[in-house]
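In what follows, every heavy atom counts, from backbone to side chain, and hydrogens, waters and symmetry copies are set aside. We number each residue from 1, following the sequence as shown.
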Amino acid sequence: MAGHAIAHFKNDEGHRSIEVGVKEFMCVGASAPFDHPHIFIDMGDDDEAVCSYCSTHYRYNPALHADETKPAGCAYRVDAA
């Protein structure tokens, strides 16, 4: 079992590129009901990746924390039921 939660990111504003502080994460597209299948992205040794569904370009920025993004507001959070 993983020892940490996987960060989720969204792109409600339609940014071309989003900087994130992790290399493994889930892309959800936009917030529901406009989301796409939530897919796992692993940058591996690279510092960037493109979502195959929404074409959002993600760039790794080691200065950011796991739940931070540039531009701000692209971290996706689900409220517990």
ask   = Salt bridge or not for R59 and E19, using N-O below 4.0 Å?
value = yes

task = Output yes when a side-chain donor or acceptor of H36 lies under 3.5 Å from a complementary backbone atom of G29, and no otherwise.
result = yes

query = Given side chains that start at C-beta, do those of P37 and Y53 come closer than 4.5 Å, heavy atoms only?
reply = yes

key: Nearest non-hydrogen partners of N11 and T56, listed with the distance   = ND2-OG1, 3.0 Å

ask   = Hey, does H57 have a side-chain heavy atom less than 4.5 Å from the side chain of E48?
value = yes

task = Report whether M43 and F9 are members of the same hydrophobic cluster (ILVMFWY, side-chain heavy atoms less than 4.5 Å apart, transitive linking).
result = yes

message = Please report the interatomic distance SG(C51) to CD1(I18), rounded to the nearest 0.5 Å.
response = 10.0 Å

inquiry  = Please give me the minimum heavy-atom distance between C74 and T69, naming the atom from each residue.
reply    = N-OG1, 3.2 Å

query = Is the side chain of K10 donor-acceptor paired with the backbone N or O of A32 at a distance under 3.5 Å, no angle test?
reply = no

task = Mark yes or no for whether D42, through its side chain, and G44, through its backbone, hold a donor-acceptor pair below 3.5 Å.
result = yes

task = Please round to the nearest 0.5 Å and tell me the distance separating atom CZ of R77 and atom CG of D67.
result = 5.0 Å

key: Residues, nucleotides or ligands: over 12 heavy atoms within 6.0 Å of K70 NZ   = no

task = Measure the OG-CD1 distance between S52 and I39 for me, rounded to the nearest 0.5 Å.
result = 3.5 Å

ask   = Would a distance-only check, ignoring hydrogens and angles, find a side-chain to backbone donor-acceptor pair under 3.5 Å from D12 to S31?
value = yes

key: Pairwise side-chain contact, H15 with P71, heavy-atom cut-off 4.5 Å (strictly under)   = yes

inquiry  = Consider ring-ring contact (aromatic ring centres under 6.0 Å, His included). Of Y58, F40, Y60, which one does F25 pass it with?
reply    = Y58

message = What I want to find out is whether K23 reaches D45 closely enough, with some N-O distance under 4.0 Å, to be called a salt bridge.
response = no

ask   = Do you know which two heavy atoms are closest between A7 and A66, and how far apart they sit?
value = CB-O, 3.8 Å

